[in-house]
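In what follows, a structure is listed as structure tokens, so that the remarks can point back to it.
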Amino acid sequence: MRNKSLQSQVTTGRLTLPVVILICALCWVLTYFLFPDSIASTTSKDSSSFLQSTRDLLLPGWAERIISFLVCAIIGYFLIELNNQFSIIRMRASMQTAIYFLLVTVCPGMHLLYIGDIVALGSLISIYFLFKSYQQAQAAGYLFYSFFFIGAGSILFPQLTILSVLWLLESYRFQSLTPRSFCGALLGWMLPYWMLFGHAFFYNEMELFYRPFNQLLAFGEVFHLPILQPWELAILGYLLVMFIVSAVHCIAAGFEDKIRTRAYLQFLIDLTLFLFLLIALQPIYCSALLPLLIISSSILIGHFFVLTNSKSSNVFFIISLVGLILLFAFNIWTLL
């Protein structure tokens, strides 16, 4: 029965990822030629970012989309390596990467390159080192590198510093937080700022050093959801439904995974919840946090679809695919 289900054929097929990448590339090209300016005009800028967008660098629209697609490809590759290294889905699966590409593609507003994409890539590398620290007696080095990428990302997007609290709590859960490793984490987070201070002091541009701290203290209106674009509300609603189903499955079927894997999945659940809460509290930062939210959600969704085998999960799989198509159609309609 499993071989006959659409869910099984897609999740275990060798051609799934190449076909998804081809479809996504065609959609990116199509949206560029159909709406070369509409996407830019309906996408809110990252006012909190150190760099707002590559448009500030006067890159043409086609070049910006190519760079954005390449960044997504790098993130997709790291998602595969993350699973291969830590066996989160208990098999060599690329489903999480296919889901990531689909979620980004159905949102034409994300085809442009924003600082959130770079921050998400740095955060993914930070998660890799955090996972490496699991139950390590000498975890100071791993936490140093993990918090280094959090610190570097917080220079570009200062609110990323808030994730440091979650990282510390999870490192305690991973039994890798000791006085020594805590000092390593603190030094790792501070190193990018030391480098920034040296540059700002040498060139007498201290405002450059103060800017991330000033932006960190800047808060937008709480729960001001009307500030979000229609496509942002749509993708957040879709992700919330998929996350609830995937998280419930992870918790209910957790006994099937190893203790280490359950710890990794619990971290992803905590991270996703944290990001949803942060976006709800400060919707102004949605464009910067959404790429990282899609990354964490993709792994959980991939874990659910790859490791389930029932009629109900197959029906839900089909419904989720139809939902993606409708979501893409809605986002295209908003651009007309």
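Along the sequence shown, residues carry numbers from 1.
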Name all residues meeting the side chain to side chain donor-acceptor pair (under 3.5 Å) criterion together with T105; count only those two or more places apart in sequence or in a different chain, and write none if there are none.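 Side chain to side chain donor-acceptor pair (under 3.5 Å) list for T105, sorted by chain: W28.
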Which pair of non-hydrogen atoms, one from S68 and one from D117, has the smallest distance, and what is that distance?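 That closest heavy-atom pairing would be OG-OD2, 4.4 Å.
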For residues I294 and S298, report the shortest heavy-atom separation together with the two atoms involved.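 Taking I294 first and S298 second, the nearest heavy atoms are O-OG, 2.6 Å.
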Verify, without hydrogens or angle tests, whether T16 (side chain) and V10 (backbone) share a donor-acceptor contact under 3.5 angstrom. yes
Please report the C-alpha distance between L335 and W231 in whole Å, then the side-chain angles of each, then the deciding distance to 0.1 Å, and finally whether the side-chain contact (heavy atoms from CB on, under 4.5 Å) criterion is met. CA-CA 10 Å; L335 295 175; W231 69 267; over 6 Å; no
Report whether Y210 and F201 are members of the same hydrophobic cluster (ILVMFWY, side-chain heavy atoms less than 4.5 Å apart, transitive linking).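 Yes, Y210 and F201 fall within the same hydrophobic cluster.
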Using the rule that Ile, Leu, Val, Met, Phe, Trp and Tyr join whenever any side-chain heavy atoms are under 4.5 Å apart, tell me whether Y238 and I319 fall into a single cluster.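 Different clusters.
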Taking only residues two or more places apart in sequence, or in another chain, which ones meet L82 in a side chain to side chain contact (heavy atoms under 4.5 Å, CB included)?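 Side chain to side chain contact (heavy atoms under 4.5 Å, CB included) list for L82, sorted by chain: F86, I88, L124, Y128, F131, I299.
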If hydrophobic residues (ILVMFWY) are linked whenever their side-chain heavy atoms come closer than 4.5 Å, directly or via other members, who joins L217 in its cluster?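 None; L217 is a cluster of one.
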Going by chain and number, the hydrophobic cluster around I23 (ILVMFWY, side chain to side chain under 4.5 Å) further includes L15, V19
Tell me, with the steps shown, if N83 and T97 meet side-chain contact (heavy atoms from CB on, under 4.5 Å). CA-CA 10 Å; N83 185 70; T97 297; over 6 Å; no
Does the side chain of [X] reach to within under 4.5 Å of the side chain of [Y], using non-hydrogen atoms?
X    : Y    : value
L103 : L324 : yes
L271 : I127 : yes
L290 : L236 : yes
M95  : I99  : yes

Specify whether [X] and [Y] have parallel, tilted or perpendicular ring planes, treating 30° as the upper limit for parallel and 60° as the lower limit for perpendicular.
X    : Y    : result
F174 : F267 : tilted
Y203 : H199 : tilted
F330 : W333 : tilted

Please tell me whether [X] and [Y] have a donor and an acceptor in their side chains that are separated by less than 3.5 angstrom.
X    : Y    : answer
Q7   : T308 : yes
S296 : T272 : yes
H303 : S246 : no

Derivation of the ring-ring contact (aromatic ring centres under 6.0 Å, His included) call for Y134 and Y264: CA-CA 9 Å; Y134 181 83; Y264 295 151; 5.8 Å; yes
Apply the test side-chain contact (heavy atoms from CB on, under 4.5 Å) to residues L265 and I251: give CA-CA distance (whole Å), side-chain angles for both, the deciding distance (0.1 Å), then the verdict. CA-CA 9 Å; L265 290 171; I251 296 173; over 6 Å; no
Test side-chain contact (heavy atoms from CB on, under 4.5 Å) on K132 and Q85; report intermediate values, then the result. CA-CA 9 Å; K132 290 284 287 185; Q85 182 71 30; 3.6 Å; yes
Quick one: side-chain hydrogen bond (donor to acceptor under 3.5 Å, both in side chains) pairs with a partner in residues 141-150, sequence neighbours left out?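 Listed by first then second residue: S126-S146, S146-W167.
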Hey, could you give me each pair passing side-chain hydrogen bond (donor to acceptor under 3.5 Å, both in side chains) that has a residue in residues 181-197? Not counting sequence neighbours. S154-Y193, T178-S181
Is it the case that more than 12 heavy atoms not belonging to F213 sit under 6.0 Å from its CZ atom?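 Buried by this count: over 12 neighbours within 6.0 Å.
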